[in-house]
There are 2 protein chains.
Amino acid sequence: MPNTRLDAIDRRILAALQRDARLSNVQLAEEVNLSPSPCLRRVRQLEAEGLIRGYHAELDRGGVGLGLTVFVGVKVERHHEAEANAFREAVVALPEVISAHLVSGESDFLLQVVVADLAAYERFLTGTLLRLPGVSDIRSNFAIQSVKEHGPLPLTQPEDKGRSP
Amino acid sequence: MPNTRLDAIDRRILAALQRDARLSNVQLAEEVNLSPSPCLRRVRQLEAEGLIRGYHAELDRGGVGLGLTVFVGVKVERHHEAEANAFREAVVALPEVISAHLVSGESDFLLQVVVADLAAYERFLTGTLLRLPGVSDIRSNFAIQSVKEHGPLPLTQPEDKGRSP
DNA sequence: TCTTTATTGGCATCTTCTGCCAATTTTAGC
DNA sequence: GCTAAAATTGGCAGAAGATGCCAATAAAGA
């Protein structure tokens, strides 16, 4: 039930939690100009509605030994719808794949793969990815530099509603 | 100073916070088999070391009116190093671009762009992206379906150290 | 304008956070 | 294997935050 349309306060709550998910409810309430009670109620509602899907720590990839990010374009043999489904399910289960989308264009799927180094990627590619059902072509694009990561979703202007004294 | 190597407990802390950044310290401590004090100290240290880069709420894109995700491959005119830098900086400032990487392969940069719909993308493309410095070629791949999103980074086995009774 | 409904703010209680210290465990050297 | 030094842990106490409830306020509708 995607009912409620968001008001300015909801948007500011979402923006704040997107920036820092560990804000205390008191801080958050202050930031959106509300007292703690209704603020918490709104957060709970946003969670219940599914607008907030979760809260996650962002880790330093290099720091946890995952120095190599690869964007992988995959073509699957169409014609067999079943195989595309099998591919999807297989991909979801692979821990090295942190995101996967069905896309238009050259490739059918675009995966973001995270591994320790080139050797690990080679193992992943030949040992896992190439063996998935229906895979017909793979194009690997290595991330050389990260220009922007984890950018916040651009919520439409959580503009402060002016208030006259 | 990227000094400390992570032990099993640190990895479990990271894994837990990656899954749910709003765990209370008490819950987290319980999950990693530690009392709250040392647990909190480890979290603080991981933050200070930069291993934890932040905590973010994951929002439902459709729910906040951002129904279209596009992966955009961009070629920039090499030769002019300065222009590549200008492009990088411009891209960081664009709210529609939630991630950007310098990559090997066909394109020079791979951007992930989030907008409301096709009309908004058209505006973004012609009004913004095509006008950036040094851009020579753009390839847009539209996300048709999200197979996997926000997958956790695969931390090396936070395996429970067996304990005999 | 008068109802009816939804939302807010404050309060009381319970839980959690967080700094400090002694006790325990781990590490290093011999 | 044993001792000394260093690091880590667990518990405690005061401070801060979370959360359910209710009356008051604001918004919507008739």
Side-chain angles (χ1 to χ4, degrees), chain A residues 1-58 63-64 155 158-165, chain B residues 1-58 63-64 155-165:
Chain A
M1 42 191 76
N3 38 6
T4 331
R5 192 99 349 286
L6 301 171
D7 68 9
I9 293 182
D10 287 324
R11 284 197 299 268
R12 276 193 287 179
I13 289 175
L14 293 177
L17 289 178
Q18 220 182 348
R19 196 189 64 232
D20 181 3
R22 296 212 70 156
L23 282 172
S24 78
N25 184 53
V26 172
Q27 290 174 293
L28 179 60
E30 191 175 335
E31 186 165 333
V32 302
N33 280 316
L34 223 54
S35 64
S37 297
C39 183
L40 184 63
R41 231 167 317 161
R42 278 167 180 262
V43 172
R44 292 285 177 266
Q45 170 123 22
L46 291 168
E47 290 170 351
E49 285 170 4
L51 270 157
I52 297 176
R53 298 178 56 168
Y55 303 94
H56 307 287
E58 178 195 353
V64 297
L155 304 182
E159 50 197 312
D160 204 351
K161 60 172 65 171
R163 183 180 32 180
S164 32
Chain B
M1 43 191 73
N3 38 6
T4 331
R5 193 101 344 289
L6 301 171
D7 67 10
I9 293 181
D10 287 323
R11 282 196 299 267
R12 277 193 287 179
I13 288 175
L14 293 177
L17 290 177
Q18 220 182 347
R19 195 189 65 233
D20 181 1
R22 296 210 69 153
L23 283 171
S24 78
N25 184 54
V26 172
Q27 290 174 293
L28 179 61
E30 192 175 335
E31 186 164 333
V32 303
N33 280 317
L34 222 54
S35 65
S37 299
C39 182
L40 183 62
R41 232 166 317 164
R42 277 168 180 263
V43 172
R44 292 285 176 266
Q45 169 124 21
L46 291 168
E47 290 170 351
E49 285 170 4
L51 269 157
I52 296 175
R53 297 178 57 170
Y55 302 94
H56 308 287
E58 178 194 354
V64 297
L155 305 182
T156 52
Q157 285 291 29
E159 50 196 314
D160 205 351
K161 59 172 64 174
R163 184 179 32 178
S164 35

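Numbers restart at 1 for each chain; the letters A, B, ... are given by sequence-line order, proteins then strands. On a predicted model such as this, the values are computed, not experimentally measured, just so you know.
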side-chain contact (heavy atoms from CB on, under 4.5 Å) evaluation trace for A:Leu46 with A:Leu6: CA-CA 9 Å; A:Leu46 291 168; A:Leu6 301 171; 3.8 Å; yes
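With rounding to whole Å, A:Arg42 atom CZ is found 19 Å from D:dG20 atom C1'. Here the C1' atom of nucleotide D:dT8 and the CG atom of B:Leu46 are 15 Å apart, to the nearest Å. Rounded to whole Å, atom C1' of D:dA7 lies 10 Å from atom CZ of B:Arg41. The distance between atom CG of A:Leu28 and atom C1' of D:dT19, rounded to the nearest whole Å, is 15 Å.
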Each nucleotide N or O in nucleotides 16-18 of chain D that has a protein N or O under 3.5 Å away: list the pair and distance.
from, atom 1, to, atom 2, distance (Å)
D:dA18, OP1, A:Asn25, N, 2.8
D:dA18, OP2, A:Asn25, N, 3.1
D:dA18, OP2, A:Val26, N, 3.1

Detail all sub-3.5 Å separations between protein N/O atoms and N/O atoms belonging to nucleotides 12-15 of chain D.
none

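Scanning both residues, A:Ala21 and B:Ala57, for their nearest heavy atoms gives CB-N, 3.7 Å. Closest approach of A:His56 and B:Arg19 over heavy atoms only: ND1-O, 3.5 Å.
For the pair B:Arg11 (side chain) and B:Thr156 (backbone), a donor-acceptor distance under 3.5 Å is present.
Annotation: side chain of B:Arg41 is in contact with side chain of B:Pro38 (closest heavy-atom distance under 4.5 Å). Within the 4.5 Å cutoff, the side chain of B:Gln27 has no heavy atoms near those of the B:Asp20 side chain. For the pair B:Ile52/A:Glu58, no side-chain contact is recorded, criterion being any heavy-atom separation below 4.5 Å from C-beta on.
In this model, a donor atom of one side chain and an acceptor atom of the other lie less than 3.5 Å apart for A:Gln45 and A:Glu49.
Interface limits on DNA chain C: the 5'-most and 3'-most nucleotides within less than 4.0 Å of chain A heavy atoms are C:dT8 to C:dC11.
The only option from B:Gln18, B:Glu47, B:Arg22 that meets the side-chain hydrogen bond (donor to acceptor under 3.5 Å, both in side chains) definition with B:Tyr55 turns out to be B:Glu47.
Salt-bridge annotation for A:Asp7 and A:Arg12: absent, with no side-chain N of the basic residue lying under 4.0 Å from a carboxylate O of the acidic one.
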